[in-house]
Every structure is written in C-alpha cells, then in structure tokens.
Amino acid sequence: MKVSENLANINERIEKACERAGRKRGDIEIIAVTKYVSADRAQEALDAGIRHLGENRDDGLLEKYKTLGNRPVWHFIGTLQTRKVKNVIDKVSYIHSLDRLSLAEEIEKRAAKADKQMKCFIQVNVSGEESKHGMEPGQVLDFVHKMKDFPHILVVGLMTMAPLTDDQNTIRSTFRGLKQLQQEVESLHLDYAPCHELSMGMSNDFEIAVEEGATFVRIGTALVGSR
Ligand SMILES: *Cc1c(COP(=O)(O)O)cnc(C)c1O
C-alpha cells in the first residue's frame, strides 16, 4: 500500500475519533514510526505530508538522517541507553523515553554542550507490566520536580505504551491514567515542565488514544508498514 493511502485511512479514523471525543483534529500530530522501513519509504511518508518521524534506535536514526537530514522533525521514541545520547542529541527534537535520573543527567550534559534545550516526554509504565519500560506513576511528580536542576531539559509531556491486549477497557484505562497524571503535572505550572503533551497510541490503539487525549500518536505498521 502507498503511504498516502494508509495516511488517508488513518486521518479519517482520527477525525472520527475526534468527533466522538469533541476534540479538534489540529491538536493531534502523527509521528510516522519508520524503524521497520527504509529511508526511501520514510521519504514517501514525507511526500505524503507527514512532518514528524520517529525512530527507536540510534543506528536507525543515523542511517535515515544521512538521507533525510533535518527535513522531518525527528523523535526518539525507544529505550535510550545513556551512552547513546551523544549520537542523537543534535538530531532529534524530542525524546519520548526519559525514564530515569541517570538518563536525565546525560541528556542535560549533552544538550548543554550542543547548546540546546531538549524537549522530553517522561515515559510512564501506567499498566505496571513487568516488560514495559518507564517509571511508576507514583514516581512521576517527584521526578518532575527534580528537573528544575536540569536547565537543558524541557518536560513537554508524558508518554506511555498500552499493554499488548485486545481488551479495549485495559487500553483505555492506561491512556486515561496517563492523562490524569499529565493534568496533575500541568497544573503545577512549572516553567521547566509545561507538560501539555500526551504521546500515546500506536497502530492498534491510536483511536482510543485520540479519544483519551493524545496529542502525538506514534504509528508505524499501519502507516508505513513493517518489514
Ligand atoms: C514501534 C513503536 C511504535 C509503533 O508501533 P506500530 O505498532 O508499528 O504502530 C510506537 N511507539 C514505540 C515506542 C515503538 O517502539
């Protein structure tokens, strides 16, 4: 399938979800997750009108960066090893996987060197699944307050992954839990943690995520395909 055809289908589904939830389509950005596909296919997504691309490994990002450069807005969406931060810091606009203090320390150091403020999502393990990365919901407020001492990190929002399940209620309550936390942080009105954004929803659950308040959905398979 052409990316443009997939995108038309996804856009229609997002619009319907917006109608159901009384939201504006303009408040939701699609991140095309290109980790499974070639740079050519990523270019096709850009030609179809996509502006945001997401990669979950530093080597995948670097390879596509070579061809695509700064044309897309790059998002780092995967687990980020501390020693890999230096490879991505000057290329990505957003990191979605801030989940520990040691990572914040490294991002702070590298962002300071690159003379930029890094926009970060705190990744939260809302569902409590062992296999999921992210910090426990109960740790988030404490962590946010610590970011006061990290002037090169801007906490723009929270990110989560729903459990792999067909149970819509479980998925929905995961997204709802993240939204609740996001509102708590937002209501603190911290200049270093505005926290207006919610990064949630993938190929299988983006409609529920939109209904529950996602501002960035991260879509790979349904948009650009998988290997
Ligand atoms: C791979 C990945 C996605 C996209 O997954 P699809 O199911 O292919 O849409 C989204 N977010 C993260 C963190 C990922 O690793």
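When a ligand or atom number is given, it counts from 1 through the structure's own listing order. Computed from heavy atoms alone, side chains included, the values below leave out hydrogens, waters and symmetry copies.
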Practice task
Measure the distances from the heavy atoms of Phe206 to every atom of ligand 1 and state whether one is below 4.0 angstrom.
Solution key: no

Completion exercise
protein heavy-atom neighbour closest to atom 8 (O) of ligand 1 works out as Thr221 OG1, 2.5 Å

Practice task
Specify the protein heavy atom at minimum distance from atom 6 (P) of ligand 1: its residue, its atom name, and the distance to 0.1 Å.
Solution key: Ser203 OG, 3.4 Å

Practice task
List in chain and number order the residues that pass side chain to side chain donor-acceptor pair (under 3.5 Å) with Ser226, two or more places apart in sequence or in another chain; answer none if no residue qualifies.
Solution key: none

Exercise for the section: Would you please say whether a donor-acceptor pair under 3.5 Å links the side chains of Glu55 and Thr34? Expected result: yes

Practice task
Answer yes or no: is there a donor N or O on one side and an acceptor on the other, between the side chain of Gln123 and the main chain of Met159, under 3.5 Å?
Solution key: no

Exercise for the section: Return the minimal non-hydrogen interatomic distance between Gly201 and Phe175, and the atom names on each side. Expected result: N-CZ, 3.9 Å

Exercise for the section: Mark up the atoms of ligand 1 that fall under 4.0 Å of a heavy atom belonging to Tyr36, in ascending order. Expected result: 1 (C), 8 (O)

Handout entry: Ile219: numbered ligand 1 atoms lying under 4.0 Å from its heavy atoms
Key = 9 (O)

Completion exercise
Closest heavy-atom approach to atom 2 (C) of ligand 1 among Lys35, His75, Met202 is made by Lys35

Handout entry: Closest candidate by heavy atom, reference atom 13 (C) of ligand 1, pool Val224, Asn56, Ile77
Key = Ile77

Problem - Test of proximity, Arg218 against ligand 1: N or O pairs below 3.5 Å - result: yes

Practice task
May I ask you to check whether Gly220 has an N/O atom sitting below 3.5 Å from an N/O atom of ligand 1?
Solution key: yes

Exercise for the section: Verify the cluster assignment for Val124 and Tyr94: are they in a single hydrophobic cluster under the rule of side-chain heavy atoms below 4.5 Å apart? Expected result: no

Handout entry: Ile77 with Ile107, same ILVMFWY side-chain cluster at under 4.5 Å
Key = no

Exercise for the section: Using side-chain contact (heavy atoms from CB on, under 4.5 Å) as the criterion, point out the one residue from Ile122, Leu198, Val126, Asn125 that pairs with Thr160. Expected result: Val126

